[in-house]
Amino acid sequence: MSAALPPALEEIRDEFLALGQKDRLLLLLEFANELPELPARLQGHEDLLERVVECQSPVFLTTEVEDGTVRLHATAPRESPTTRGFASILVQGLSGLSPDDLLAVPDDFPQMLGLTEAVSPLRLRGMSGMLARTKRQVAQRLAAAGA
Amino acid sequence: MAVASDTAPQFAEYAHPERLVGTDWLAENLGEPGLVVVESDEDVLLYETGHIPGAVKIDWHTELNDPVTRDFVDGAGFAALLGAKGISRDSTVVIYGDKSNWWAAYALWVFTLFGHEDVRLLDGGRAKWEAEGRPMTTDEPEVSPTEYPVVVRDDSTVRAFREDVLETLGTLPLIDVRSPEEYTGERTTAPAYPEEGALRAGHIPTAHNIPWARAAAEDGTFKPKDELEAIYRGGVGLGADQPVIAYCRIGERSSHTWFVLTHLLGLSDVRNYDGSWTEWGSAVRVPIAKGSEPGSL
């Protein structure tokens, strides 16, 4: 059994696991539609964001740590709804965590959503890439802040 | 009960023009009895965001592959899949998808393994249909399940295995349709694609590098025949009866090239090595060449 999940991620996981395979896909689509726009200060400045090369479509993300909590921002094209869904899950599930809690999120969280069958393991790698990059960015920001 | 072919002049010059339909033809023929439209995408959710009215979805990862063995579904699995999609053995099937029809061509090639006779591609795929502002819907199509017969998959005519490539190495031309970076051995995956687990980088010795996308025009449609001739016949010297094997990373991009060589240029013996680089690049003791030259044995 992996480490306990933060409440928001746990809720997302339970939502997926409560559904059949087909509805899990539709829930992922709901997440895709909910991915917030980048904050205005980042729009048009995708070069300030990190490209997630594990994803098959252009996905960019960046993190901010302020007052002891992490904000994750991500963007992915409309014609890549699966990738947008992954990004949206992480934005909703990780934002607001403390850096330590975020770094403690299990690396295999993408595999806990019961999507392996509906989406395929290969496609899930994109989400693992986003999570790994988010964690690395936060670790670097902590180190830079001398924490 | 085949639906009439698209006789648009831009297809007439191809060797098998009946394998393509245009967006005009499809718009006119939607709902025609005997026609089933299939969307096959790289993105597993794209269909759910909106699709051509009445189209059913077939996903390559989760529906065309066997979940356990690295292989395609067998005859019983294919029959169950097509039956559930409302496809009969005599249906006219038109497949379209994202990314210039990569995955649509892959699905078409798998249909060919099972000898489904009338299967066509929508030239330009999903992007062209959308760009022309044609109708899309999220409504699920009404599907009447059919009894699709169990047909034994033919793995010998349009499919090549590692053993076939090894046996014919140096005698049959090989076409590597991956990006130049993958061919030379700089990387094992397409640019901006995830690592798919090949242990070595490079290409099969003697293979010519003709990236698949050279066959596609800006709008995702296939290039005219004379341009394709120049690329494949001029580039590699492929005659009409010259047997040839194409490969890529997992067999999807090479399905696109297989379609071009077989149906647009009319080569009689084209096989797709679907094991492709993820198999060859991890196999023990097979020869590998690096760099931009085909290399020798």
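Just so it is clear: chains get the letters A, B, ... in the order the sequence lines come, proteins before strands, and each one is counted from 1. Only this structure's heavy atoms are used, side chains among them; waters, hydrogens and symmetry mates stay out.
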If we count only N and O atoms by modelled type, under 3.5 Å, do the side chains of B/D43 and A/T82 hold a donor and an acceptor together? yes
Hey, what do you get for [atom1] ([X]) to [atom2] ([Y]), rounding to the nearest 0.5 Å?
X	Y	atom1	atom2	value
A/E79	B/K99	CD	NZ	8.0 Å
B/D59	A/R123	CG	CZ	4.0 Å
B/T62	A/L25	OG1	CG	7.5 Å
B/T49	A/R78	OG1	CZ	10.0 Å

When the 4.5 angstrom heavy-atom criterion is applied to A/A118 and chain B, the contacting part is backbone
Select, from B/E63, B/E48, B/E130, the one with the greatest count of heavy-atom pairs under 4.5 Å involving chain A. B/E48
Heavy-atom pairs under 4.5 Å with chain A: which of B/N65, B/D98, B/L45, B/L46 has the most?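 Highest number of heavy-atom pairs under 4.5 Å: B/L45.
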Could you check whether atom [atom1] of [X] has more than 12 heavy atoms from other residues, nucleotides or ligands sitting under 6.0 Å from it?
X	atom1	value
A/E117	CD	no
A/E11	CD	no
A/Q43	CD	yes

